[in-house]
2 protein chains.
Amino acid sequence: MKELPRISEAELEIMKVLWGKAPQTANEIIESLDLKMDWKPKTIRTLINRLVQKEAVSYHQGKGRMYEYYPLVSQDSFLQVETKSLLKRFYGVSFKPLIVNFLKEEKLSSEDINELKRILDEKSEENQRKDSK
Amino acid sequence: MKELPRISEAELEIMKVLWGKAPQTANEIIESLDLKMDWKPKTIRTLINRLVQKEAVSYHQGKGRMYEYYPLVSQDSFLQVETKSLLKRFYGVSFKPLIVNFLKEEKLSSEDINELKRILDEKSEENQRKDSK
DNA sequence: TCTATTATATTACAAATGTAATCTTAAACT
DNA sequence: AGTTTAAGATTACATTTGTAATATAATAGA
């Protein structure tokens, strides 16, 4: 397994754009971020290049001179890495308040809530199985 | 409200020590981290000083020449800030997989699970109230 | 009192990050 | 064909972070 590259805050914005749709040219990425990020186009190109160097993103020549970029790191694996890294950072800090905070902040649909409860039930069962052994 | 200072990964280790017990002298902090962190004492002192500059930590003179350091930022407010910042980073990324990841990673006691379910129930009710309006 | 310790303060330096500008080169227009 | 445009490559520069070492000053010991 290859280590996932470390993706900085600013670089993450590029990744999110590419996770939403890929491949995209630099100009398309720039346009996507235009309203949101108040970055100069050159800045965005720098970030894209850094992601290429880090092998989080790659590209191929599209039609004409322009490159089309696509993500090499999936959103899913990134989420997993970040989750673990956050847990590691907070190791030794009680975990529950963290989750509680999350749940409080976030707007969740009824379906989401049900799924989360289902997961908790599974955890619950796991606990019991272990207790009774 | 004062903005909370940004606390780096390494600095966080110092904070965790001080959240566990305060005040502590630099030497006590160094000793606490001795096994855990493979850092030179000078490194730890640098980190402490940076936290003082950032006003995340302060100190007063203890008995003798040594300072006693204590946190100015509570673990609670830090957790809240980090939670929000993570959510902001992931804004636009679906939220549920994040929580699901957390729940899967973590070992939770039965009491924890019950509390989380209670919170979910509350959210559920909130949703209903809104729907019926 | 002079000297050795040692806490604290100051300085160091490379890598990562945020934020671009300039340079080069190839394509498009005249 | 010569010139303008504009991708992409290279370079820039300040700040933050990781990881200390050196300098200073005050205390403790001889």
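Sequence lines set the chain letters: A, B, ... in the order given, protein chains first and strands last, and positions in each chain run from 1.
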In whole angstroms, how far is the [atom2] atom of [N] from the [atom1] atom of [X]?
X: B/I48; N: C/dT10; atom1: CD1; atom2: P; answer: 16 Å
X: B/R50; N: C/dT10; atom1: CZ; atom2: C1'; answer: 12 Å
X: A/I44; N: C/dT17; atom1: CD1; atom2: P; answer: 18 Å
X: B/L51; N: D/dG18; atom1: CG; atom2: P; answer: 10 Å
X: B/I30; N: C/dT6; atom1: CD1; atom2: P; answer: 13 Å
X: B/E28; N: C/dT8; atom1: CD; atom2: P; answer: 11 Å
X: B/Q53; N: C/dT11; atom1: CD; atom2: C1'; answer: 12 Å
X: B/E9; N: C/dA16; atom1: CD; atom2: P; answer: 15 Å

### Task
Look at the aromatic rings of B/Y67 and B/Y59 and report parallel, tilted or perpendicular, splitting at 30° and 60°.
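The arrangement is parallel - the two ring planes meet at less than 30°.
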
### Query
Rounded to the nearest 0.5 Å, what separation is found between the CG atom of A/L47 and the CD atom of A/E9?
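So the gap between those two atoms works out to 12.0 Å.
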
Looking at [N], I'd like to know if its phosphate oxygens (OP1 or OP2) sit under 4.0 Å from a side-chain N or O belonging to [X].
X: B/T43; N: D/dT19; answer: no
X: B/W39; N: D/dT19; answer: yes
X: A/T46; N: C/dG18; answer: no
X: B/K40; N: D/dA20; answer: yes

### Centroid separation B/Y69 to B/H60 less than 6.0 Å
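Distance test on ring centres: not under 6.0 Å, no.
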
### Task
Check the side chains of A/T43 and A/T46 for a donor-acceptor pair under 3.5 angstrom, ignoring hydrogens and angles.
no

### Message
Output one letter per nucleotide in nucleotides 4-9 of chain D: B when a protein non-hydrogen atom lies under 4.0 Å from the base, S when only the sugar-phosphate is that close, - when neither is.
### Response
---SBS

Sequence neighbours left out, cut at 3.5 Å: what donor-acceptor pairs do the side chains of residues 112-119 of chain B make with other protein atoms?
| residue | atom | partner | partner atom | Å |
| --- | --- | --- | --- | --- |
| B/D112 | OD2 | B/S109 | OG | 3.4 |
| B/E115 | OE1 | A/K96 | NZ | 2.9 |
| B/K117 | NZ | A/D121 | OD1 | 2.4 |
| B/R118 | NH1 | B/E122 | OE2 | 3.0 |

### Task
Go through the steps to decide whether A/E11 and A/R50 satisfy the test side-chain contact (heavy atoms from CB on, under 4.5 Å), and finish with yes or no.
CA-CA 8 Å; A/E11 289 158 1; A/R50 285 185 184 164; 3.7 Å; yes

### Message
I need the minimum non-hydrogen distance between A/M15 and A/A56, along with the two atoms involved.
### Response
CE-O, 3.6 Å

### Summary
Walking DNA chain C from its 5' end, the first of A/E11 and A/G64 to be reached, judged by nearest nucleotide, is A/E11

### B/L47, nearest nucleotide to its side chain (from D/dT19, C/dT17, C/dG18)
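Nearest to the side-chain atoms of B/L47, counting from C-beta on, is D/dT19.
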
